[in-house]
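First the structure, in the form of structure tokens, and then the observations on it.
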Amino acid sequence: MAEIAIKGVAKRFGGFTALHQVNLAIADQEFMVLLGASGCGKTTLLRIVAGLETPSQGEVWIGGRRVDHLPPRERGIAMVFQNYAVFPHLTVFENIAFGLRMKKLPQADVERRVNRTAELMHIEQLLKRYSGQLSGGQRQRVAVARALAMEPDVILMDEPLSNLDALLRLEMRAELKGVLAASKTTTIYVTHDQVEAMSLADRIAVMHQGRIVQAASPVEVYRNPAARFVGSFIGNPPMNFIPATKAGNGSWSVAGLTLPGPKSDKQKIEFAIRPEDVDAGSEGLHATVRVIEPLGPHTLVTCDVEGGLFRAILESNASVKVGEQLRLAPKPDRVRWFDPETTNAL
Amino acid sequence: MHGKALPYLLLMPATLFLCVFFLYPFVLVAFEALTRDGAFTLDNFRAMAGSWKFPVTVRNTLLLAAIVVPIQLVMALLMASVVSRLETGRSAALYIFAIPLGISDLAAGLIWLAIFDQSGFLNTLLAHLGVVDRPIMFLGYQSKLTIFIAVALAEIWRATAIMMVILVAGMGLIPKEYYEAAEVFGAGPWKRFVRITLPLLRPSLQTAIILRVILAFEVFAVVAALGGTNLPVLMGETYNWQFTLQDRNVAAASALLILAISIGFTLFFLRVLRVPKEARI
């Protein structure tokens, strides 16, 4: 049992605040992805959980034990580093065995565990090689095997796939998901790649400027962004936003259209819709087509709506031309609203 | 001009310089060592080895190297580890540690002579503290051990920094991630030093040790200043044969012996501390 609790963790580097009072609870065996742009504090948070960085404030609990004052080796964690950190002076076998040797396990146990994890990661044939003789993908596998061999309660992964080429990344992603699910460890996984986050996570914690903006399941994060940032960061292309002005109690005027919305005292809020949640037809937002990008399964159409950019994903057989006027009808159940001051969802 | 030839052309002057002023004299010395009155002979080596002082000089030189170099190695590793970990004042510490490097070995010998001399600082201090009533002859011909200790101290003081500077540079090349990985996977500070720093520092250790061992076999001025003829060493004997005994041929033989020992140890450390190509950082 290794649930993780991050309670009020803050980190300041000199005058710069990398993390503001972060709270996050991760369940036992959960796969939690910390997602955000570079500099959002996700790696700092991971390193605080690992014990490689000391929090300026707050507590870290792993498996019901407060660990923020313990060195990394006493936290029951294993880690996969962004640049793998496969020791160059040791063979693959000794790299995987490193942590087990530190624990002073008997040689027979070391061999058994190394062989088993090597087999799991399909690197049995590389055990006698040195890091310098491996490709990036193979090093990655060694780094994961080294972490798994520890049979840790918690595995921490810092952008483990970011140095692999696209095809290999896809392959490793699927493999990691299977291996980690089978290992029954709690995982914290840091990435800036939203596709990676969506495909791996049980839950995603979206981070922005040192804060967790939303922590929820991938579908929830995608469908119901808790803040404007989440909607604009997740999804490719991102959500469309259009200013809305009050038209009545619970109805809002959006680019000339009157739509039912939240009841609010505010005069101005923001309307938001994902590009795939509009239908081209005879009703809806007035849009002028600017760019058409056929992508195969569908067509991405960039339009002008009320002087702002609006992206719509239409069926690939939709016959639209540049300069054409379209009517784009938002699907009512997919419309979201944001408060422009707090940027939170309404 | 062909691009491939350029680097060789640029190296040419230095190579020529070395050939003229090093290789040529070296061949001359080797020739002198192996001849007497124009005929090839090993008599010069026999004369050198036959001298009653020879076993003593070899013993003194080897003993000095065997004691000084390991102590320096440990101290240099310790100092380099501390300096590498400094976040501020690192270059200041490096400069201070490196001060003895700027002093010639004779000057270094004289500084320590000023300490251990009959009317030197140490005696003055001991007299002021009332520990002794009259000055002690630290460096007299009867106190070979204190001479040896004084020479060892002077050598350690003088030449540890060169090893440290090399090791600090080497430690700077080890990526921080390896230490973090070792820390996460259970290695405490000592284990990290033994299992990560030392193996990854091998190329620098190799350079530092070879350089230092060669210098140790060439020890001369410090010994001359502190011990005179009371602590004969190989280089001192070579000097003796050349200038006191006026025998260039035996002096050349003696110089060749020092070279042979240096080459022998260099090859030994190149082999022992070799890093296989695939295991480099």
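Here is how names work: the chains are called A, B, and so on, in the same order as the sequence lines, proteins then strands, and each is numbered from 1.
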key: Pair A:Gln107, A:Arg112: side-chain N/O donor-acceptor within cut-off below 3.5 Å   = no
Neighbour count >12 (heavy atoms, 6.0 Å) for atom NZ, A:Lys103 = yes
request  = Kindly indicate, with the supporting measurements, whether the criterion side chain to side chain contact (heavy atoms under 4.5 Å, CB included) is fulfilled by A:Leu180 and A:Met157.
outcome  = CA-CA 11 Å; A:Leu180 288 171; A:Met157 299 196 159; 3.8 Å; yes
ask   = At a heavy-atom separation under 4.5 Å, does B:Arg195 approach chain A through its side chain, its backbone, both, or neither?
value = both
message = Please check: side-chain N/O of A:Thr44 versus main-chain N/O of A:Ala18, any donor-acceptor pairing under 3.5 Å?
response = no
inquiry  = Looking at A:Thr117 and A:Val114, would you say the former's side chain and the latter's main chain have a donor-acceptor pair under 3.5 Å?
reply    = yes
key: Heavy-atom pair of closest approach, residues A:Arg169 and A:Asp193   = NH1-OD2, 3.9 Å
query = Top residue by heavy-atom pair count (under 4.5 Å) with chain A, among B:Glu183, B:Glu180, B:Lys191, B:Arg202?
reply = B:Glu180
task = Under 4.5 Å heavy-atom distance to chain B, tell me which part of A:Met79 shows up: side chain, backbone, both or neither.
result = both
key: Residue-level contacts of residues 80-87 of chain A with chain B, using a heavy-atom cutoff under 4.5 Å   = A:Phe81, A:Gln82, A:Asn83, A:Tyr84, A:Ala85, A:Val86, A:Phe87
Segment of A:Arg129 engaging chain B (4.5 angstrom heavy-atom cut-off) = neither
query = Are A:Glu151 and A:Arg116 close enough for a salt bridge, meaning some N to O gap below 4.0 Å?
reply = yes
query = How are the rings of B:Phe265 and B:Phe268 set relative to one another: parallel (under 30°), tilted (30 to 60°) or perpendicular (over 60°)?
reply = perpendicular
